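Working notes, structure below.
Convention: sequence-line order gives letters A, B, ...; per-chain numbering from 1. Below, each value reflects all heavy atoms present in this structure, side chains not excepted, and no hydrogens, waters or symmetry copies. Keep in mind that this is a model prediction, so the values were computed, not measured.
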Number of protein chains: 2
Amino acid sequence: MQGVTTAQPLTRGRGSRRAEILEAAAALFAARGFHGTSIEDIGGAVGTSGPALYRHFSGKEALLAEMLLDVSERLHTSAANRVTKAPDAEHALDALLTGQIEFALSHPALITVHDRELGNVPEPARRQIRRLQRLYVEEWVTVLSELYPGCPPPRLRAVTHAVFGLLNSTPHSAGELEPEAMAELLRRMARAALASVQS
Amino acid sequence: MQGVTTAQPLTRGRGSRRAEILEAAAALFAARGFHGTSIEDIGGAVGTSGPALYRHFSGKEALLAEMLLDVSERLHTSAANRVTKAPDAEHALDALLTGQIEFALSHPALITVHDRELGNVPEPARRQIRRLQRLYVEEWVTVLSELYPGCPPPRLRAVTHAVFGLLNSTPHSAGELEPEAMAELLRRMARAALASVQS
DNA sequence: CGGTGAGGTTAATGATGACTAACATCGGTA
DNA sequence: TACCGATGTTAGTCATCATTAACCTCACCG
């Protein structure tokens, strides 16, 4: 009674399975945490059973590492691009806000996992993710320090984290508002919070 | 070779051991997550070995339940008291801000665990914690709806969660600023963010 | 048409970890 | 002084889980 029941997939866009697994895992990790989610759970969520996962990832930690690496890369490079294109600091800040809000609204699970599970990523990748996160924060700090010259960087870092906290609150207020309205609200609040910072 | 080495504690304020365990567990849960922390870890953190914990709590989940119940109770009753004492909505909001900021700055680990690990609390307690959390949020929403009449409650709930996110960012910017300065900054930003909300 | 490789399957295997059992110690207290 | 309750200790026990092994099977390519 072995291997009697293979059937469905076998034809699907190249690499789409990996993406499917990553997405399912993100949702599960966000809901139950890394250690609270079993390989079996993840397999189940994509219609395969447990160990099939090892055909796509070398292990559970590697899966998490790839997920977080991807997120921090996307955030950072998107931010870097936007800032580069912006004509001045004011527009740059606007672009950063747009990017973060878009991401937070479209991928709440990734946002959650991203700031919760770094500690479970094994060392080679961990350092790199941390680096990207730091670069992303510094992107904000740089723009802000142009807008608020004389405001010490540590203060600007705290401000940045506070704004992230505000924007990343989306997983908590899921469904309270339409995405459109939520985006508007978050942008307005973040702008006001930022404007309140003086040197 | 059994029981040969009992020694130190045995004399300490009544119930202080429970508190000590709760504190150590909060720090560990915040750092590694509920499932990422073992009973042995918790015991080790308070100088006893593993199973000693069962003399104080009926189990790991019960420990978490008590921790979260305590937090949500403190937040809610403190808020209710402050609001009741306040002469008007403006002062009430100020008091709510003060309370949340104080708590977030003095117990970052509890804040972290509080919004991460509810899912691991077993059912009898879970419902009660959720209830207290909801009441706490409604405390804010009520005050806000007095300040912004005509602003629909769902929007105010989203606003409240956004402000919580902002204030609870403290664990992320640990050590960037002195507690005093951080409190000031958070209050100012939160106030500005709130002021930006119109009906 | 035979082979091959990608992607699945079910059964180990080995750790880890929560919880229990059996036993020890010590500070009261009768 | 002998007992008792509060607290610890160590050594199981039993599940759960990540990971591996051994085996299938189909799509496709020669």
Side-chain angles (χ1 to χ4, degrees), chain A residues 1-25 28-29 31-67 117 119-122 125, chain B residues 1-25 28-29 31-67 117 119-122 125:
Chain A
M1 205 64 81
Q2 258 172 338
V4 178
T5 51
T6 313
Q8 310 131 344
L10 289 184
T11 310
R12 203 177 280 264
R14 204 93 198 88
S16 93
R17 209 55 195 271
R18 277 177 75 83
E20 194 184 352
I21 292 173
L22 282 167
E23 191 180 330
L28 288 168
F29 290 167
R32 310 184 208 165
F34 180 73
H35 291 298
T37 304
S38 74
I39 288 291
E40 200 66 38
D41 291 337
I42 302 174
V46 298
T48 78
S49 242
L53 203 145
Y54 289 86
R55 297 291 172 194
H56 304 276
F57 298 92
S58 72
K60 202 187 174 191
E61 288 183 333
L63 194 169
L64 178 67
E66 177 160 334
M67 185 162 107
E117 310 288 7
N120 293 309
V121 175
Chain B
M1 204 65 81
Q2 259 173 339
V4 178
T5 51
T6 313
Q8 310 133 344
L10 292 184
T11 309
R12 205 178 280 266
R14 204 93 199 88
S16 93
R17 208 55 196 271
R18 278 176 74 83
E20 193 183 352
I21 291 173
L22 283 166
E23 193 180 329
L28 288 168
F29 289 167
R32 309 184 209 166
F34 180 74
H35 292 297
T37 304
S38 74
I39 288 291
E40 199 65 37
D41 290 338
I42 301 173
V46 298
T48 78
S49 242
L53 201 145
Y54 290 87
R55 295 297 173 189
H56 304 277
F57 298 91
S58 71
K60 202 187 172 189
E61 289 184 332
L63 194 168
L64 179 66
E66 177 161 334
M67 185 162 109
E117 310 289 7
N120 294 308
V121 175

Set of residues satisfying side-chain contact (heavy atoms from CB on, under 4.5 Å) with respect to Ala45(A), sequence neighbours excluded = Ala24(A), Leu28(A)
Listed pairs under 3.5 Å, donor-acceptor, residues 49-60 of chain A side chains, sequence neighbours left out:
unit_1, atom_1, unit_2, atom_2, d
Ser49(A), OG, Glu40(A), OE2, 3.4
Lys60(A), NZ, Phe34(A), O, 2.9
Lys60(A), NZ, Thr37(A), O, 2.8

N/O contacts under 3.5 Å, protein versus nucleotides 19-21 of chain D?
unit_1, atom_1, unit_2, atom_2, d
dT19(D), OP2, Tyr54(A), OH, 2.7
dT19(D), OP2, Lys60(A), N, 3.0
dT19(D), O5', Tyr54(A), OH, 3.1

What integer distance in Å separates [X]:[atom1] from [N]:[atom2]?
X        : N       : atom1 : atom2 : answer
Leu53(B) : dC19(C) : CG    : P     : 9 Å
Leu28(A) : dC17(D) : CG    : P     : 13 Å
Phe57(B) : dA6(D)  : CZ    : C1'   : 15 Å
His35(A) : dA18(C) : NE2   : P     : 11 Å
Arg55(A) : dC26(D) : CZ    : C1'   : 14 Å
Glu40(B) : dG8(D)  : CD    : C1'   : 13 Å
Phe29(B) : dG17(C) : CZ    : P     : 13 Å
Arg32(B) : dT16(C) : CZ    : C1'   : 14 Å

Would one find a side-chain N or O of His56(B) under 4.0 angstrom from OP1 or OP2 of dG8(D)?
-> yes
Please check the phosphate of dG8(D) (OP1 and OP2 only) for any side-chain N or O of Arg17(B) closer than 4.0 Å.
-> yes
Can you name the residues that form a salt bridge (Lys or Arg N to Asp or Glu O under 4.0 Å) with Glu117(B), not counting sequence neighbours?
->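 Not a single residue meets the salt bridge (Lys or Arg N to Asp or Glu O under 4.0 Å) criterion with Glu117(B).
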Straight-line distance of Glu20(A) CD to Arg17(A) CZ, nearest 0.5 Å = 5.0 Å
What distance do Leu63(B) atom CG and Phe29(B) atom CZ have between them, rounded to the nearest 0.5 Å?
-> 5.5 Å
Got a sec, which pairs hit salt bridge (charged side-chain N to carboxylate O under 4.0 Å, His left out) with one end in residues 41-51 of chain B, sequence neighbours left out?
->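 Matches after skipping sequence neighbours: Arg32(B)-Asp41(B).
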